[in-house]
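A, B, ... follow the sequence lines: proteins, then strands. Residue 1 opens every chain.
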Protein chains: 2
Amino acid sequence: MIETFETVAKAVADPNRTRILKLLEGGELCVCQITTVINLSPGGISKHLNALKAAGLVQQRRGGKWVYYRLADREINPNATQFLALLRDSLNDDPTVVEDRELLSHVNFIPLGILCAQGRAAIAPVVDEPLSSPCCGVSP
Amino acid sequence: MIETFETVAKAVADPNRTRILKLLEGGELCVCQITTVINLSPGGISKHLNALKAAGLVQQRRGGKWVYYRLADREINPNATQFLALLRDSLNDDPTVVEDRELLSHVNFIPLGILCAQGRAAIAPVVDEPLSSPCCGVSP
DNA sequence: CTATCATTTTACCAATTAGCAAAATGATAG
DNA sequence: CTATCATTTTGCTAATTGGTAAAATGATAG
């Protein structure tokens, strides 16, 4: 029992995993979408997702070619539910979380086929553009 | 910000530290009381307490020869407050936590001077006695 | 001021973990 | 069936962490 609690707390105690959980608060995502936003190797993301699943924090579903993850809705583990509730009220103003959400909003426009193939390159131009660079059509 | 959250979550994600926090829910305790119940080396306990303090989960107070720790009451860190609330509703039926509380109830009868000097030996006879050993005055 | 004693810090070891690259898996499309 | 492609698993390395023993600290009592 204390072991279960520990598993969940450990799963939450990693910044990349909390970032993933905060992303999933917006609804389910496929692995390559998560990978694009968090910017780790696919293997690394998969391992994190596995840790979250083992803790009962997320669930999986295959849809065609892709695997989608979402926050656990079925109550597998009461500890997990409580941690998810805590997390929902936390970090909403965290710069990294805000940035991830912003990036995700761009990612959402990209068809999965293209996104999975190209990864971050599919959105790179948007990413590197800071704010008000004098672009396209400003008078010489 | 996410770093603070991570610090708190990491602090909670260790079973010996959660045991300490659950003990402190009953009120402040001096280091040697905690050491006796958790049964780690003093150095180890001190390090755990330091991690909890760094996370804003506990506070310190010196009283004469001894240092007392308690759950953070001043709101140092909103994350910490939330985790403490979560923890208060968790693990209350956990065997280890229950056992720790039981042991603490015995420890509470022992003057600190004796407890700090003798450590677990001061309560050892109670600890090893299971339940109904045929003791003192049962007919031959 | 010195000795004592609770606590903290330090030095070190064993175990765990996050990360990547590359191989393995397993589903889909032809 | 075979090829492709998303995801997972598998070594492997570097870094972190929990534990102890022992030295250092710092307050108290004589």
### Task
Whole angstrom is fine here: how far is it from CG in A/Leu115 over to P in D/dC5?
15 Å
#### Entry: Listed partners of B/Glu25 passing side-chain contact (heavy atoms from CB on, under 4.5 Å), at least two apart
B/Lys22, B/Leu71, B/Leu87, B/Arg88, B/Asn92, B/Arg101
### Message
The criterion is salt bridge (Lys or Arg N to Asp or Glu O under 4.0 Å); which residues satisfy it with B/Glu102, sequence neighbours excluded?
### Response
none
### Task
Just jot down the salt bridge (Lys or Arg N to Asp or Glu O under 4.0 Å) partners of A/Asp73, sequence neighbours excluded, or say none.
A/Arg70
#### Entry: Other residues, nucleotides, ligands: >12 heavy atoms within 6.0 Å of A/Glu99 CD
no
### Query
Could you state the CG-P distance from B/Leu49 to D/dG18, rounded to the nearest angstrom?
13 Å
### Summary
Rounded to whole Å, the OH-P distance (B/Tyr69 to C/dA6) equals 16 Å
### Message
If I take atom CD in residue A/Gln60 and atom C1' in nucleotide D/dT8, what distance separates them, rounded to the nearest angstrom?
### Response
10 Å
## Note on the structure
Here the salt bridge (charged side-chain N to carboxylate O under 4.0 Å, His left out) pairs for residues 1-10 of chain B, sequence neighbours left out, are B/Glu6-B/Lys10
### Query
side-chain hydrogen bond (donor to acceptor under 3.5 Å, both in side chains) with B/Asn79: which residues, sequence neighbours excluded?
none
#### Entry: Pairwise side-chain hydrogen bond (donor to acceptor under 3.5 Å, both in side chains) hits with a residue in residues 43-56 of chain A, at least two apart
A/Arg17-A/His48, A/Lys53-A/Gln60
### Message
Could you tell me how far apart B/Ile45 (CD1) and C/dT9 (P) are, to the nearest whole angstrom?
### Response
15 Å
#### Entry: Whole-Å gap separating P (D/dT4) and CH2 (A/Trp66)
17 Å
### Query
Among residues 24-32 of chain A, which contact DNA chain D at a heavy-atom distance under 4.0 Å?
A/Cys30, A/Val31, A/Cys32
### Query
Among D/dA6, D/dT8, C/dT8, which nucleotide sits nearest the side chain of A/Cys116?
D/dA6
#### Entry: Short side-chain N/O contact to C/dT7 OP1/OP2 from B/Tyr68, under 4.0 Å
no
### Query
Who are the side-chain hydrogen bond (donor to acceptor under 3.5 Å, both in side chains) partners of B/Gln33, not counting sequence neighbours?
none
### Query
So what does the secondary structure string of DNA chain D come out as, 5' to 3', with Watson-Crick or wobble pairs under 3.5 angstrom, [ ] for crossing and | for pairs with another strand?
||||||||||||||||||||||||||||||
#### Entry: Sequence-distant partners of A/Thr18, side-chain hydrogen bond (donor to acceptor under 3.5 Å, both in side chains), two or more places apart
none
### Summary
Whether each nucleotide of nucleotides 11-30 of chain C has a protein heavy atom under 4.0 Å at its base (B), only at its sugar-phosphate (S) or at neither (-) is summarised, 5' to 3', as ------SBBB------SS--
### Summary
In short, ring pair (Phe, Tyr, Trp, His ring centres under 6.0 Å) pairs touching residues 3-40 of chain B with sequence neighbours left out are B/Phe5-B/Phe83
### Query
Does the B/Cys116 SG fall under 2.5 Å from that of B/Cys30?
no
